[in-house]
Novice: 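Supplied in structure tokens, the structure appears directly below.
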Amino acid sequence: MEIAIIAHDRMKADMVQFLNRNKEILIHENIKIIATGTTGRKAEAAGFRVKKMLSGPMGGDAQIAARVAEGKTKMVLFFKDPNSSHAHEVDINMLIRVCDVHNIPLATNEATAQMLLEAIASKS
């Protein structure tokens, strides 16, 4: 299963901590991770194998949305910073819309992301 990880700048450390706490699930379920550029680099530095797309502002969100639309990406974990605005907000909204259109689970915070990963683990 392929999942996408994205995190706004203030949330990148939280994403890496989340991945580390859930490493056993990710390995056991053979989850392939794709990510926007900077988030992917942070996850790689923590020891995860990641296929990196462009950074979010450079089109990485759109690349991930395309993979969702193609049926390749089955889940998106997007740790959004609710206290900041972003110049590429249109791209973010497009990704959220594509997930909704294609009925792909999308977590925008750690609690929901945890529930999604635990749901995957409970099915096996």
Novice: Give me the atom names and distance for the closest heavy-atom approach of L77 to A113.
Specialist: CD2-CB, 3.8 Å
Novice: List the atom of A43, the atom of V16, and the distance in Å for their closest heavy-atom pair.
Specialist: N-CG2, 4.2 Å
Novice: Taking side chain as C-beta onward, heavy atoms only, is F48 less than 4.5 Å from I5?
Specialist: no
Novice: Show me the side-chain donor-acceptor pairs of residues 30-40 shorter than 3.5 Å, one per line, residues at least two apart or across chains.
Specialist:
residue, atom, partner, partner atom, Å
T38, OG1, R41, NH2, 3.2
T39, OG1, A7, N, 3.2
T39, OG1, A7, O, 3.3
T39, OG1, K12, NZ, 3.0

Novice: Output yes when K52 and E44 qualify as a salt bridge under the 4.0 Å nitrogen-oxygen rule, no when they do not.
Specialist: yes
Novice: Ignoring hydrogens and angles, tell me if any N or O in the side chain of N22 forms a donor-acceptor pair with the backbone of I25 under 3.5 Å.
Specialist: no
Novice: Could you check whether any side-chain heavy atom of L26 comes within less than 4.5 Å of a side-chain heavy atom of I3, counting everything from C-beta outward?
Specialist: yes
Novice: Do D9 and D81 have side chains that get closer than 4.5 Å, going by heavy atoms?
Specialist: no
Novice: Can you tell if the side chain of D100 reaches within under 4.5 Å of the side chain of I96, non-hydrogen atoms only?
Specialist: yes
Novice: Step through the shown structure and confirm whether more than 12 heavy atoms of other residues, nucleotides or ligands are within 6.0 Å of CE on M58.
Specialist: no
Novice: First locate atom CZ of F78, then atom CG of L106, and finally report the distance between them rounded to the nearest 0.5 Å.
Specialist: 8.5 Å
Novice: Supply the atom-to-atom distance K80 NZ to I92 CD1, rounded to the nearest 0.5 angstrom.
Specialist: 6.5 Å
Novice: Would you say that N109 contacts T112 through its side chain, given a criterion of any heavy-atom pair below 4.5 Å between the two side chains?
Specialist: yes
Novice: Kindly give the heavy-atom pair with the smallest separation between R67 and M53, and that separation in Å.
Specialist: CD-CE, 4.0 Å
Novice: If you draw a 6.0 Å radius around CD in E24, do more than 12 non-hydrogen atoms from other residues or ligands fall strictly inside?
Specialist: no
Novice: Under the 3.5 angstrom rule, does the side chain of Q63 hit a backbone N or O of L54 as a donor-acceptor pair?
Specialist: yes
Novice: If you measure from CZ on R97 to NE2 on H102, what distance do you get to the nearest 0.5 Å?
Specialist: 8.0 Å
Novice: Can you tell me if NZ on K23 sees more than 12 non-hydrogen neighbours from other groups inside 6.0 Å?
Specialist: yes
Novice: Do L117 and M1 sit in one hydrophobic cluster, given that two such residues count as connected whenever their side-chain heavy atoms are within less than 4.5 Å of each other, even indirectly?
Specialist: yes
Novice: Considering residues at least two apart in sequence or located in another chain, which fulfil the ring-ring contact (aromatic ring centres under 6.0 Å, His included) criterion with F79?
Specialist: F18
Novice: Between K74 and E2, is there a salt bridge with N-O shorter than 4.0 Å?
Specialist: no
Novice: Going from CG on N83 to CE on M11, what distance comes out if it is rounded to the nearest 0.5 angstrom?
Specialist: 9.0 Å
Novice: Kindly indicate whether the side chain of I6, heavy atoms from C-beta on, has any atom under 4.5 Å from the side chain of I64.
Specialist: yes
Novice: Do you know which two heavy atoms are closest between M94 and A65, and how far apart they sit?
Specialist: SD-CB, 3.4 Å
